[in-house]
Number of protein chains: 2
Amino acid sequence: MSEDACVSEPDLSRQLLESHRTLASELVAGLAERGYDDLRPGHAAVFLHVDRRSGTRLTELARRARMTKQGMMLVVDDLESRGYVRRAPDPDDSRAKVVKLTAHGRRAAGETRRTVQAIETRTRRALGDRRYEALREALDAIVSSTGHPT
Amino acid sequence: MSEDACVSEPDLSRQLLESHRTLASELVAGLAERGYDDLRPGHAAVFLHVDRRSGTRLTELARRARMTKQGMMLVVDDLESRGYVRRAPDPDDSRAKVVKLTAHGRRAAGETRRTVQAIETRTRRALGDRRYEALREALDAIVSSTGHPT
DNA sequence: TGAGGTTGGTCAGTCAGGTTGACCGTCGCT
DNA sequence: AGCGACGGTCAACCTGACTGACCAACCTCA
(Lines give C-alpha, C1' and ligand atoms only; values in the text may rest on other atoms or scores of the structure.)
Protein backbone atom coordinates (compact mmCIF):
# COMPACT_ATOMS: atom_id res chain seq x y z
CA MET A 1 0.00 0.00 0.00
CA SER A 2 1.07 3.48 -0.88
CA GLU A 3 4.02 2.12 -2.75
CA ASP A 4 4.20 4.52 -5.59
CA ALA A 5 4.35 8.21 -5.94
CA CYS A 6 0.86 8.97 -7.09
CA VAL A 7 0.33 12.34 -5.49
CA SER A 8 -2.50 14.17 -7.10
CA GLU A 9 -1.22 17.52 -5.96
CA PRO A 10 2.32 18.55 -5.16
CA ASP A 11 3.39 19.38 -1.66
CA LEU A 12 2.25 22.64 -0.23
CA SER A 13 5.68 24.18 -0.18
CA ARG A 14 6.14 23.55 -3.87
CA GLN A 15 2.73 24.96 -4.64
CA LEU A 16 3.59 28.11 -2.75
CA LEU A 17 6.80 28.50 -4.70
CA GLU A 18 5.07 27.98 -8.01
CA SER A 19 2.38 30.47 -7.12
CA HIS A 20 5.03 32.97 -6.22
CA ARG A 21 6.73 32.45 -9.53
CA THR A 22 3.50 32.78 -11.44
CA LEU A 23 2.75 36.13 -9.87
CA ALA A 24 6.34 37.25 -10.26
CA SER A 25 6.18 36.46 -13.96
CA GLU A 26 2.98 38.40 -14.28
CA LEU A 27 4.67 41.34 -12.64
CA VAL A 28 7.60 41.43 -15.03
CA ALA A 29 5.22 40.95 -17.94
CA GLY A 30 3.04 43.80 -16.73
CA LEU A 31 5.99 46.09 -16.25
CA ALA A 32 7.40 45.19 -19.64
CA GLU A 33 4.05 46.06 -21.21
CA ARG A 34 4.25 49.44 -19.53
CA GLY A 35 7.68 50.00 -20.99
CA TYR A 36 9.91 48.82 -18.18
CA ASP A 37 11.63 45.75 -19.47
CA ASP A 38 14.66 46.00 -17.21
CA LEU A 39 12.79 45.53 -13.96
CA ARG A 40 12.79 42.30 -12.04
CA PRO A 41 10.30 41.22 -9.39
CA GLY A 42 12.83 41.86 -6.67
CA HIS A 43 12.97 45.52 -7.62
CA ALA A 44 9.42 45.89 -6.48
CA ALA A 45 10.64 45.49 -2.93
CA VAL A 46 12.16 48.94 -3.21
CA PHE A 47 9.41 50.60 -5.19
CA LEU A 48 6.73 49.36 -2.84
CA HIS A 49 8.52 50.41 0.33
CA VAL A 50 10.48 53.57 -0.37
CA ASP A 51 9.03 56.90 0.72
CA ARG A 52 8.35 58.67 -2.51
CA ARG A 53 9.43 62.17 -1.52
CA SER A 54 11.86 61.91 1.30
CA GLY A 55 13.53 58.63 0.41
CA THR A 56 14.29 55.87 2.85
CA ARG A 57 17.38 54.43 4.45
CA LEU A 58 18.69 51.12 3.27
CA THR A 59 18.21 49.35 6.58
CA GLU A 60 14.71 50.72 6.89
CA LEU A 61 13.93 49.48 3.40
CA ALA A 62 15.31 46.10 4.32
CA ARG A 63 13.21 45.99 7.46
CA ARG A 64 10.05 46.88 5.57
CA ALA A 65 10.72 44.35 2.86
CA ARG A 66 11.67 41.75 5.48
CA MET A 67 15.07 40.96 4.13
CA THR A 68 18.65 41.54 5.20
CA LYS A 69 20.30 44.88 4.57
CA GLN A 70 22.86 43.06 2.44
CA GLY A 71 20.14 41.60 0.30
CA MET A 72 18.49 44.96 -0.04
CA MET A 73 21.79 46.47 -1.00
CA LEU A 74 22.07 44.23 -4.02
CA VAL A 75 18.67 45.36 -5.19
CA VAL A 76 19.41 49.02 -4.56
CA ASP A 77 22.79 48.73 -6.26
CA ASP A 78 21.07 47.34 -9.28
CA LEU A 79 18.39 50.00 -9.35
CA GLU A 80 21.02 52.68 -8.91
CA SER A 81 23.05 51.38 -11.82
CA ARG A 82 19.92 51.56 -13.94
CA GLY A 83 19.13 55.09 -12.85
CA TYR A 84 15.98 54.40 -10.88
CA VAL A 85 17.33 55.50 -7.51
CA ARG A 86 20.29 57.37 -6.10
CA ARG A 87 21.90 57.38 -2.71
CA ALA A 88 21.99 60.73 -0.97
CA PRO A 89 23.77 61.39 2.31
CA ASP A 90 21.43 61.59 5.26
CA PRO A 91 21.79 65.07 6.80
CA ASP A 92 20.80 63.75 10.22
CA ASP A 93 23.35 60.95 10.37
CA SER A 94 26.56 60.91 8.48
CA ARG A 95 26.77 57.15 8.61
CA ALA A 96 23.52 56.86 6.78
CA LYS A 97 22.44 57.34 3.21
CA VAL A 98 18.98 57.84 1.93
CA VAL A 99 17.75 55.89 -1.06
CA LYS A 100 15.77 58.30 -3.21
CA LEU A 101 13.82 57.77 -6.37
CA THR A 102 14.98 59.63 -9.44
CA ALA A 103 12.36 61.03 -11.77
CA HIS A 104 12.63 57.84 -13.77
CA GLY A 105 12.31 55.87 -10.56
CA ARG A 106 9.21 57.76 -9.49
CA ARG A 107 7.49 56.84 -12.71
CA ALA A 108 8.61 53.24 -12.39
CA ALA A 109 7.46 53.10 -8.77
CA GLY A 110 4.05 54.31 -9.78
CA GLU A 111 3.78 51.73 -12.52
CA THR A 112 5.02 49.04 -10.21
CA ARG A 113 2.44 49.85 -7.58
CA ARG A 114 -0.28 49.93 -10.17
CA THR A 115 0.88 46.67 -11.68
CA VAL A 116 1.05 44.92 -8.32
CA GLN A 117 -2.35 46.29 -7.48
CA ALA A 118 -3.73 45.09 -10.78
CA ILE A 119 -2.36 41.61 -10.28
CA GLU A 120 -3.74 41.33 -6.79
CA THR A 121 -7.10 42.63 -7.88
CA ARG A 122 -7.20 40.21 -10.75
CA THR A 123 -6.25 37.40 -8.43
CA ARG A 124 -8.93 38.40 -5.98
CA ARG A 125 -11.51 38.35 -8.73
CA ALA A 126 -10.34 35.01 -10.03
CA LEU A 127 -10.45 33.49 -6.58
CA GLY A 128 -13.44 35.21 -5.15
CA ASP A 129 -13.34 37.30 -2.01
CA ARG A 130 -13.77 34.41 0.35
CA ARG A 131 -10.88 32.38 -0.93
CA TYR A 132 -8.69 35.43 -1.40
CA GLU A 133 -9.14 36.51 2.19
CA ALA A 134 -8.56 32.99 3.39
CA LEU A 135 -5.41 32.86 1.31
CA ARG A 136 -4.09 36.04 2.86
CA GLU A 137 -4.90 34.89 6.34
CA ALA A 138 -3.38 31.51 5.73
CA LEU A 139 -0.14 32.93 4.39
CA ASP A 140 0.03 35.32 7.31
CA ALA A 141 -0.40 32.43 9.68
CA ILE A 142 2.20 30.29 7.99
CA VAL A 143 4.82 33.00 7.93
CA SER A 144 4.26 34.16 11.48
CA SER A 145 4.08 30.66 12.89
CA THR A 146 7.74 29.84 12.52
CA GLY A 147 9.04 32.55 10.35
CA HIS A 148 9.97 35.42 12.67
CA PRO A 149 8.72 34.97 16.24
CA THR A 150 8.68 38.69 16.88
CA MET B 1 -2.81 60.96 -0.71
CA SER B 2 -1.15 57.62 -0.76
CA GLU B 3 2.21 59.29 -0.79
CA ASP B 4 4.16 57.02 1.44
CA ALA B 5 4.83 53.36 1.56
CA CYS B 6 2.63 52.40 4.47
CA VAL B 7 1.58 48.97 3.35
CA SER B 8 0.27 46.97 6.23
CA GLU B 9 0.89 43.69 4.50
CA PRO B 10 3.45 42.87 1.90
CA ASP B 11 2.47 42.07 -1.62
CA LEU B 12 0.97 38.69 -2.27
CA SER B 13 3.90 37.40 -4.26
CA ARG B 14 6.30 38.15 -1.44
CA GLN B 15 4.00 36.51 1.07
CA LEU B 16 3.90 33.40 -1.05
CA LEU B 17 7.67 33.29 -1.23
CA GLU B 18 8.04 33.74 2.49
CA SER B 19 5.51 31.04 3.18
CA HIS B 20 7.39 28.72 0.91
CA ARG B 21 10.60 29.44 2.72
CA THR B 22 9.01 28.91 6.09
CA LEU B 23 7.79 25.49 5.12
CA ALA B 24 11.06 24.66 3.41
CA SER B 25 12.93 25.51 6.59
CA GLU B 26 10.60 23.35 8.59
CA LEU B 27 11.31 20.52 6.22
CA VAL B 28 15.07 20.70 6.55
CA ALA B 29 14.71 21.08 10.31
CA GLY B 30 12.46 18.05 10.48
CA LEU B 31 14.79 15.99 8.37
CA ALA B 32 17.77 17.07 10.43
CA GLU B 33 15.97 16.00 13.58
CA ARG B 34 15.46 12.60 12.02
CA GLY B 35 19.14 12.34 11.30
CA TYR B 36 19.32 13.62 7.74
CA ASP B 37 21.23 16.85 7.91
CA ASP B 38 22.49 16.79 4.34
CA LEU B 39 19.09 17.01 2.70
CA ARG B 40 17.77 20.19 1.13
CA PRO B 41 14.15 20.99 0.34
CA GLY B 42 14.77 20.45 -3.34
CA HIS B 43 15.73 16.85 -2.68
CA ALA B 44 12.17 16.20 -1.64
CA ALA B 45 11.18 16.59 -5.27
CA VAL B 46 12.86 13.27 -5.93
CA PHE B 47 11.82 11.47 -2.77
CA LEU B 48 8.20 12.44 -3.21
CA HIS B 49 8.01 11.43 -6.85
CA VAL B 50 10.25 8.46 -7.43
CA ASP B 51 8.69 5.02 -7.56
CA ARG B 52 10.07 3.29 -4.54
CA ARG B 53 10.68 -0.12 -6.00
CA SER B 54 11.09 0.22 -9.70
CA GLY B 55 12.71 3.61 -9.85
CA THR B 56 11.78 6.35 -12.27
CA ARG B 57 13.36 7.96 -15.29
CA LEU B 58 14.83 11.39 -15.00
CA THR B 59 12.45 13.00 -17.45
CA GLU B 60 9.48 11.39 -15.77
CA LEU B 61 10.70 12.67 -12.41
CA ALA B 62 11.05 16.13 -13.90
CA ARG B 63 7.56 15.98 -15.33
CA ARG B 64 6.07 14.91 -12.00
CA ALA B 65 7.93 17.56 -10.09
CA ARG B 66 7.07 20.14 -12.75
CA MET B 67 10.58 21.20 -13.52
CA THR B 68 12.97 20.83 -16.44
CA LYS B 69 14.97 17.67 -16.88
CA GLN B 70 18.13 19.75 -16.53
CA GLY B 71 16.96 21.07 -13.20
CA MET B 72 16.03 17.62 -12.05
CA MET B 73 19.41 16.36 -13.12
CA LEU B 74 21.16 18.69 -10.74
CA VAL B 75 19.10 17.37 -7.88
CA VAL B 76 19.62 13.76 -8.88
CA ASP B 77 23.35 14.34 -9.35
CA ASP B 78 23.51 15.70 -5.85
CA LEU B 79 21.53 12.85 -4.35
CA GLU B 80 23.65 10.36 -6.23
CA SER B 81 26.86 11.88 -4.91
CA ARG B 82 25.47 11.53 -1.40
CA GLY B 83 24.48 7.94 -1.91
CA TYR B 84 20.71 8.33 -1.79
CA VAL B 85 20.04 7.23 -5.35
CA ARG B 86 21.84 5.55 -8.19
CA ARG B 87 21.31 5.52 -11.92
CA ALA B 88 20.67 2.17 -13.45
CA PRO B 89 20.35 1.51 -17.17
CA ASP B 90 16.79 1.07 -18.33
CA PRO B 91 16.47 -2.40 -19.85
CA ASP B 92 13.67 -1.23 -22.13
CA ASP B 93 15.49 1.71 -23.65
CA SER B 94 19.21 1.99 -23.85
CA ARG B 95 19.06 5.77 -24.02
CA ALA B 96 17.34 5.89 -20.70
CA LYS B 97 18.45 5.44 -17.14
CA VAL B 98 16.33 4.75 -14.14
CA VAL B 99 16.84 6.69 -10.96
CA LYS B 100 16.58 4.21 -8.11
CA LEU B 101 16.68 4.70 -4.38
CA THR B 102 19.49 3.01 -2.52
CA ALA B 103 18.73 1.45 0.87
CA HIS B 104 19.82 4.72 2.42
CA GLY B 105 17.62 6.58 -0.02
CA ARG B 106 14.60 4.43 0.78
CA ARG B 107 14.89 5.31 4.43
CA ALA B 108 15.36 8.97 3.59
CA ALA B 109 12.41 8.93 1.23
CA GLY B 110 10.22 7.49 3.96
CA GLU B 111 11.31 10.10 6.42
CA THR B 112 10.86 12.83 3.85
CA ARG B 113 7.33 11.75 3.10
CA ARG B 114 6.51 11.54 6.77
CA THR B 115 8.06 14.91 7.44
CA VAL B 116 6.20 16.58 4.60
CA GLN B 117 3.01 14.94 5.78
CA ALA B 118 3.62 16.12 9.33
CA ILE B 119 4.21 19.68 8.20
CA GLU B 120 1.09 19.75 6.08
CA THR B 121 -0.97 18.23 8.85
CA ARG B 122 0.37 20.73 11.34
CA THR B 123 -0.37 23.55 8.92
CA ARG B 124 -3.88 22.29 8.39
CA ARG B 125 -4.45 22.20 12.10
CA ALA B 126 -3.03 25.66 12.60
CA LEU B 127 -5.18 27.09 9.85
CA GLY B 128 -8.32 25.10 10.28
CA ASP B 129 -9.83 22.96 7.58
CA ARG B 130 -11.71 25.77 5.94
CA ARG B 131 -8.75 28.03 5.42
CA TYR B 132 -6.48 25.16 4.52
CA GLU B 133 -8.77 23.97 1.78
CA ALA B 134 -9.23 27.50 0.54
CA LEU B 135 -5.46 27.91 0.50
CA ARG B 136 -5.00 24.79 -1.60
CA GLU B 137 -7.72 25.81 -4.00
CA ALA B 138 -6.37 29.30 -4.27
CA LEU B 139 -2.83 28.15 -5.00
CA ASP B 140 -4.14 25.71 -7.56
CA ALA B 141 -6.04 28.49 -9.24
CA ILE B 142 -3.10 30.86 -9.25
CA VAL B 143 -0.69 28.35 -10.71
CA SER B 144 -3.04 27.06 -13.37
CA SER B 145 -4.25 30.51 -14.38
CA THR B 146 -1.05 31.59 -16.08
CA GLY B 147 1.39 28.93 -15.11
CA HIS B 148 1.04 26.13 -17.59
CA PRO B 149 -1.94 26.48 -19.90
CA THR B 150 -2.10 22.77 -20.61
C1' DT C 1 16.47 0.07 -45.10
C1' DG C 2 17.69 4.31 -44.25
C1' DA C 3 16.23 9.32 -43.53
C1' DG C 4 14.25 12.22 -40.36
C1' DG C 5 11.98 13.59 -36.37
C1' DT C 6 11.39 12.63 -31.32
C1' DT C 7 13.03 11.44 -26.89
C1' DG C 8 16.39 10.62 -22.85
C1' DG C 9 20.34 12.29 -20.85
C1' DT C 10 24.15 15.41 -20.30
C1' DC C 11 27.17 19.66 -20.34
C1' DA C 12 27.81 24.51 -20.04
C1' DG C 13 26.42 28.86 -18.92
C1' DT C 14 23.27 31.98 -16.69
C1' DC C 15 19.89 33.92 -13.60
C1' DA C 16 16.99 35.51 -9.41
C1' DG C 17 16.88 36.22 -4.95
C1' DG C 18 18.59 36.00 -1.50
C1' DT C 19 22.08 34.37 3.00
C1' DT C 20 26.07 34.68 6.51
C1' DG C 21 30.27 36.71 8.08
C1' DA C 22 33.54 40.27 8.47
C1' DC C 23 34.68 44.92 8.51
C1' DC C 24 34.68 50.05 9.05
C1' DG C 25 33.17 54.42 10.54
C1' DT C 26 29.98 57.11 12.93
C1' DC C 27 26.48 57.75 16.80
C1' DG C 28 25.16 58.33 21.26
C1' DC C 29 25.24 57.27 26.03
C1' DT C 30 27.77 57.08 30.37
C1' DA D 1 37.11 59.40 26.50
C1' DG D 2 35.39 54.77 25.98
C1' DC D 3 32.43 51.49 24.06
C1' DG D 4 28.54 49.16 22.33
C1' DA D 5 24.97 49.67 18.77
C1' DC D 6 23.88 50.97 14.24
C1' DG D 7 24.37 52.07 8.96
C1' DG D 8 26.56 50.63 5.03
C1' DT D 9 29.65 47.82 2.35
C1' DC D 10 32.51 43.78 0.46
C1' DA D 11 33.09 39.01 -0.36
C1' DA D 12 31.69 34.47 -0.59
C1' DC D 13 28.21 31.29 -0.88
C1' DC D 14 23.59 28.91 -1.39
C1' DT D 15 19.04 27.32 -3.41
C1' DG D 16 16.53 26.40 -7.10
C1' DA D 17 16.11 26.72 -10.87
C1' DC D 18 16.40 28.13 -16.56
C1' DT D 19 17.91 28.07 -21.72
C1' DG D 20 20.59 26.30 -25.32
C1' DA D 21 23.45 22.97 -27.48
C1' DC D 22 24.55 18.43 -28.21
C1' DC D 23 24.69 13.22 -28.79
C1' DA D 24 22.93 8.72 -29.14
C1' DA D 25 19.24 5.80 -29.27
C1' DC D 26 14.48 5.20 -30.67
C1' DC D 27 10.41 5.12 -33.81
C1' DT D 28 8.09 5.63 -38.11
C1' DC D 29 7.24 5.13 -42.71
C1' DA D 30 8.14 5.74 -47.47
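Throughout, a chain's letter reflects where its sequence line sits, starting with A, and its residues are numbered from 1. For clarity, every value in this text was computed on a predicted model and none was experimentally measured.
In this structure, the CZ atom of A/Arg21 is 13 Å from the C1' atom of C/dG18, given to the nearest Å. Residue A/Met72 contributes atom CE, which lies 15 Å from atom P of C/dT20 at whole-angstrom precision. Rounded to whole Å, the distance from CG on A/Leu79 to C1' on C/dG17 is 13 Å. Rounding to whole angstrom units, CZ of residue B/Arg14 and P of C/dA16 are separated by 16 Å. Rounded to a whole Å, the CG atom of B/Leu74 is 14 Å from the P atom of C/dG13.
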Between A/Met72 and A/Val46, does a side-chain contact (heavy atoms from CB on, under 4.5 Å) hold up when you go through it step by step? CA-CA 8 Å; A/Met72 182 52 79; A/Val46 173; 3.7 Å; yes
B/Asp77 and B/Arg87: CA distance, side-chain angles, deciding distance, salt bridge (Lys or Arg N to Asp or Glu O under 4.0 Å) verdict: CA-CA 9 Å; B/Asp77 281 350; B/Arg87 286 167 161 97; 2.9 Å; yes
Go through it in stages, so that I can follow the logic: the residues are B/Asp51 and B/Lys100, the test is salt bridge (Lys or Arg N to Asp or Glu O under 4.0 Å), and I'd like the CA-CA distance, side-chain angles, deciding distance and then a yes or no. CA-CA 8 Å; B/Asp51 293 329; B/Lys100 288 192 171 189; over 6 Å; no
Give the intermediate values and the outcome of side-chain contact (heavy atoms from CB on, under 4.5 Å) for residues B/Thr112 and B/Tyr36. CA-CA 9 Å; B/Thr112 299; B/Tyr36 297 92; over 6 Å; no
Item checked: Step-by-step side-chain contact (heavy atoms from CB on, under 4.5 Å) determination, B/Glu120 to B/Arg136 -> CA-CA 11 Å; B/Glu120 303 202 353; B/Arg136 283 290 201 174; 2.7 Å; yes
Shorter than 3.5 Å, N or O on both sides, protein versus nucleotides 4-11 of chain C: list them out with atom names.
unit_1, atom_1, unit_2, atom_2, d
C/dT7, O2, B/Arg95, NH1, 2.5
C/dG9, OP1, B/Lys97, N, 2.9
C/dG9, OP1, B/Lys97, O, 2.6
C/dG9, OP2, B/Leu58, N, 3.3
C/dG9, OP2, B/Thr59, N, 2.9
C/dG9, OP2, B/Thr59, OG1, 3.1
C/dG9, N7, B/Lys69, NZ, 2.7
C/dG9, O6, B/Lys69, NZ, 2.9
C/dT10, OP1, B/Arg87, NE, 3.4
C/dT10, OP1, B/Lys97, NZ, 2.7
C/dT10, OP2, B/Arg87, NE, 3.2
C/dT10, OP2, B/Arg87, NH2, 3.2

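Using a 4.0 Å heavy-atom distance criterion, A/Gly42 is classed as a sugar-phosphate-only contact. Within the 4.0 angstrom heavy-atom criterion, no nucleotide atom of any strand lies near A/Arg63.
Note that the first and last nucleotides of DNA chain D, 5' to 3', having any atom under 4.0 angstrom from a heavy atom of chain B are D/dT15 to D/dC26.
For the OP1/OP2 pair of C/dT20 and a distance below 4.0 Å, the side-chain nitrogens and oxygens of A/Thr68 include no atom meeting the criterion. Within the structure, every side-chain polar atom (N or O) of A/Arg40 is placed at least 4.0 Å from both OP1 and OP2 of C/dC15.
Between the axis at the start and the axis at the end of the helix from C/dT1-D/dA30 to C/dT30-D/dA1 there is an angle of 10°, using five pairs per end and rounding to 10 degrees.
Salt bridge annotation for B/Glu18-B/Arg21: absent, with no cationic side-chain nitrogen under 4.0 angstrom from a carboxylate oxygen. Checked for salt-bridge contact, B/Lys69 and B/Glu60 miss the test: no charged N lies under 4.0 Å from a carboxylate O.
Looking only at distances, a side-chain donor or acceptor of B/Arg131 sits under 3.5 Å from a matching main-chain atom of B/Leu127. No donor-acceptor distance shorter than 3.5 angstrom exists from the side chain of A/His104 to the backbone of A/Tyr84, with no hydrogens or angles considered. Within the 3.5 Å criterion, the main-chain N or O of B/Gly83 finds a donor-acceptor partner in the side chain of B/Thr102.
Closest-nucleotide positions on DNA chain D for B/Ser94 and B/Pro41 were compared, and the one nearer the 5' end corresponds to B/Pro41.
Side-chain contact check for B/Val28 versus B/Leu39: every heavy-atom pair is 4.5 Å or farther apart.
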